[in-house]
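Before any comments, here is the structure.
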Amino acid sequence: MTAHVSDDVLVDLALGEGTASERAHVASCEACTRRVEEARSAVELAQRAEVPEPSPLYWQALRRGVGQRIAEDGQKARRFAILVPLAAAAALTAVLVARPGLFKESRVEPGLAAWSALPVEDEDDDLRVLEGLALSSNELADWDRTEGLGVYLANLTDDESRVLAQTLREQKQGGES
Amino acid sequence: MTSVALAFPPGLASSAVPRSGAELEREAERDAIAASKRGEREAFDVLVERYQRPIYRLCYRYVNNHEDANDLAQEVFLKAWRAIGRFRGESAFSTWLYRIAVNACLNFRARSRPTTRELDEALVDPRPGAEWQVAREDDASRVRAAVGRLPDKQRATLILKLFHDLTHEEVAGILGSSVGTVKANLFHALANLRREMTGARR
C-alpha cells in the first residue's frame with residue numbers, strides 16, 4: 001500500500017483498528033504517522049471528558065422517577081380518554097337536537113348505572129343523550145365494553161360532571177332555539 | 001465419531017447444551033420486552049435497570065449537568081415505555097433505545113440553545129497560565145464543554161463511538177446513516193475537538 005491513508009482509515013487507526021497493510025503504510029510514512037498521532041491525541045483528549053459518577057443510591061432514585069412519570073403519564077392518558085366521550089357527547093347532542101327522537105327507540109331499560117355520576121338534578125332528558133351515545137356508536141359501545149365508558153363516567157369529579165351536564169344543556173338549548 | 005447431541009431427539013439437544021451468560025441475558029431481555037409490551041411495569045423496570053447507566057451518561061454528555069441529565073434520562077425511558085408496543089425487534093433493543101435517547105438529547109439541545117454562551121465562557125479560563133493547573137474534573141468539564149460545541153451529528157457520533165463502545169455499524173444504525181458517514185463525522189469531530197481545545201489553551 002503506497003497511497004496515504006484516507007480519513008476513514010485514519011479514524012480506524014486512531015481507534016486501534018485498521019488492517020495490517022494500513023498499519024504497515026503508516027509505519028513507513030511520516031505524513032501519515034503524524035496524522036494518525038494527531039487523531040489519536042484527539043481521541044485521548046475526548047476520553048478525558050469523564051462523566052462524574054453519581055451516588056450508588058441515585059440509580060434507585062432514577063428508576064423511582066421513571067416509575068412516577070409513567071404513572072403520571074397514565075393518569076393524563078385516562079383524563080384524555082374522558083374527553084373523548086365528552087367531545088363525542090357534545091357532538092352527538094347537536095345531532096340529537098337537530099333530529100329529536102333519533103335514539104329513543106334504541107333506549108335500554110333500565111338506564112346505565114354509571115350515569116348517576118351526573119348531578120342528581122340533571123338526571124333528566126339529557127341523560128338520554130348519553131344512553132343514545134353508548135348505543136348508537138359501535139365504536140364507543142365496543143370501547144365501553146373493553147375500557148369501561150361507564151367507569152370513566154362514574155369516576156368523573158363533581159366539576160367534570162357539571163361541565164358535562166352544562167355542555168349537554170347548552171347544546172340542547174342551542175338546538176331548540 | 002457420533003456427536004452426543006445427535007443422541008437426543010430433535011429439539012431436546014439444543015436445550016441440553018448449556019447456554020452462555022450472554023445468551024441468558026439476551027433471553028431475559030427478550031422476555032422483559034415482551035412483558036413490557038403487555039403493559040407489565042415490573043418488566044420494564046428490569047429494562048430501565050439494565051440501561052439506566054449508559055442512558056444517563058449519554059444524556060450527561062449532552063447537557064453537562066446532573067439535574068438535566070436526570071430529567072432527560074427519565075424522559076427517554078418514558079418515551080420508550082410509550083413506544084415499546086411499536087418496537088418490532090428489527091434492530092437490537094439497545095439501538096432502538098439509544099436512538100430515542102439521541103433524539104431526546106438533540107431536542108433538548110434545540111430547546112436550550114441560549115446555554116451555548118455559558119459553555120463558551122466555561123471553555124475559556126481568563127487566568128494566564130491557569131489552564132495547566134486545572135483540577136482533573138475541571139479539565140474533564142472543559143473537554144465536555146468542547147464536545148458540547150460540536151455540530152449535532154459529529155457530537156452524537158463521537159459520544160456513541162468513544163464513550164459507549166459501539167461499533168461503526170451500531171452507531172450508523174442509531175443515527176440512521178451509513179458507516180462511511182459515521183467515520184467521516186468522527187474524523188471531523190476529532191479534528192474540531194483538537195482544534196477547539198488547542199485554541200482554548202493558547
Side-chain angles (χ1 to χ4, degrees), chain A residues 4-19 22 26 31-32 34-81 146-147, chain B residues 39 41-42 44-45 48-49 52-53 55-61 64-66 69-71 73-82 136-137 139-148 150 158-159 161-163 168 179-180 182-198:
Chain A
H4 291 312
V5 294
S6 66
D7 293 347
D8 286 8
V9 173
L10 190 72
V11 166
D12 288 341
L13 292 166
L15 294 170
E17 298 164 11
T19 64
E22 288 161 353
V26 170
C32 286
R34 187 170 42 77
R35 290 176 69 217
V36 170
E37 282 307 315
E38 283 177 2
R40 199 169 284 151
S41 73
V43 170
E44 285 164 8
L45 183 68
Q47 284 170 339
R48 291 217 307 263
E50 299 159 350
V51 168
E53 184 65 21
S55 146
L57 298 174
Y58 165 67
W59 303 112
Q60 203 177 346
L62 173 66
R63 288 198 297 281
R64 219 175 19 247
V66 171
Q68 206 171 335
R69 284 175 81 154
I70 288 174
E72 286 168 5
D73 194 55
Q75 283 171 1
K76 274 186 203 161
R78 279 192 288 280
R79 268 188 225 117
F80 181 76
T146 54
E147 301 289 331
Chain B
R41 281 275 307 283
E42 296 79 8
F44 188 71
D45 203 42
V48 175
E49 188 166 6
Q52 58 190 4
R53 186 181 291 266
I55 293 299
Y56 167 83
R57 293 172 76 82
L58 174 70
C59 294
Y60 193 103
R61 289 186 191 284
N64 227 2
N65 71 78
H66 171 75
N70 174 51
D71 194 44
Q74 289 187 16
E75 187 181 320
V76 168
F77 286 115
L78 174 62
K79 284 173 189 282
W81 167 256
R82 284 179 185 159
R136 187 186 170 99
E137 171 46 31
D139 197 30
S141 174
R142 283 162 186 273
V143 179
R144 283 199 305 271
V147 170
L150 294 172
L158 184 97
I159 290 173
K161 181 64 191 157
L162 292 193
F163 304 115
H168 291 310
V179 168
V182 166
K183 287 186 180 182
N185 276 323
L186 191 55
F187 172 78
H188 291 299
L190 290 171
N192 284 335
L193 182 66
R194 191 167 182 277
R195 196 175 304 123
E196 184 94 40
M197 290 305 290
T198 340

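Order of the sequence lines sets the chain letters (A, B, ...), proteins ahead of strands, with each chain counted from 1.
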Inset, instruction - Decide side-chain contact (heavy atoms from CB on, under 4.5 Å) for B:Asp71 and A:Arg69; before the verdict, give the C-alpha distance in whole Å, the side-chain angles of both, and the deciding distance to 0.1 Å. - result: CA-CA 10 Å; B:Asp71 194 44; A:Arg69 284 175 81 154; 3.0 Å; yes
Legend entry - Choice from A:Ser41, A:Gly65, A:Ala14 maximising heavy atom contacts with chain B below 4.5 Å: A:Gly65
Legend entry - Most chain B-contacting option - heavy-atom pairs closer than 4.5 Å, from A:Pro54, A:Ala61, A:Ala39: A:Pro54
What closest approach, in Å, do [X] and [Y] show between heavy atoms, and which atom pair accounts for it?
{"X": "B:Arg194", "Y": "A:Ala42", "result": "CB-CB, 4.1 Å"}
{"X": "A:Val43", "Y": "B:Leu162", "result": "CG1-CD2, 4.2 Å"}
{"X": "B:Leu193", "Y": "A:Ala46", "result": "CD2-CB, 3.4 Å"}

Inset, instruction - Please state whether the rings of A:Tyr58 and B:His66 are parallel, tilted or perpendicular, taking 30° and 60° as the class boundaries. - result: perpendicular
Inset, instruction - Show the numbers, then the answer: is there a side-chain contact (heavy atoms from CB on, under 4.5 Å) between A:Gln60 and B:Gln52? - result: CA-CA 10 Å; A:Gln60 203 177 346; B:Gln52 58 190 4; over 6 Å; no
Could you give the distance from [atom1] ([X]) to [atom2] ([Y]), rounded to the nearest 0.5 Å?
{"X": "A:Ile70", "Y": "B:Phe44", "atom1": "CD1", "atom2": "CZ", "result": "5.0 Å"}
{"X": "A:Asp12", "Y": "B:Leu186", "atom1": "CG", "atom2": "CG", "result": "9.0 Å"}
{"X": "B:Thr198", "Y": "A:Glu38", "atom1": "OG1", "atom2": "CD", "result": "9.0 Å"}
{"X": "A:Leu45", "Y": "B:Arg142", "atom1": "CG", "atom2": "CZ", "result": "12.0 Å"}
{"X": "A:Arg40", "Y": "B:Leu190", "atom1": "CZ", "atom2": "CG", "result": "12.0 Å"}

Taking side chain as C-beta onward, heavy atoms only, is [X] less than 4.5 Å from [Y]?
{"X": "A:Arg48", "Y": "B:Arg144", "result": "no"}
{"X": "B:Lys161", "Y": "A:Leu15", "result": "yes"}
{"X": "B:Tyr60", "Y": "A:Pro52", "result": "yes"}

Inset, instruction - Give, as side chain, backbone, both or neither, the part of A:Leu10 having an atom under 4.5 angstrom from any heavy atom of chain B. - result: side chain
Inset, instruction - Check whether A:Val66 gets within reach of chain B through its side chain, its backbone, both or neither, counting any heavy atom under 4.5 Å. - result: both
Could you look at [X] and say if it's the side chain, the backbone, both or neither that has a heavy atom under 4.5 Å from chain A?
{"X": "B:Arg57", "result": "both"}
{"X": "B:His168", "result": "side chain"}
{"X": "B:Arg53", "result": "both"}
{"X": "B:Phe163", "result": "side chain"}

Inset, instruction - May I ask you to say whether A:Glu17 pairs ionically with B:Lys183, meaning some side-chain N is under 4.0 Å from a carboxylate O? - result: no
Inset, instruction - Among A:Val11, A:Val9, A:Asp8, find the one that has a side chain to side chain contact (heavy atoms under 4.5 Å, CB included) with B:Phe187. - result: A:Val11
Inset, instruction - Would you mind telling me which of B:Val76, B:Leu78, B:Val179, B:Val48 has the largest number of heavy-atom pairs within less than 4.5 Å of chain A? - result: B:Leu78
Legend entry - Expected output: side-chain B:Arg61 to main-chain A:Ala49 donor-acceptor under 3.5 Å: yes
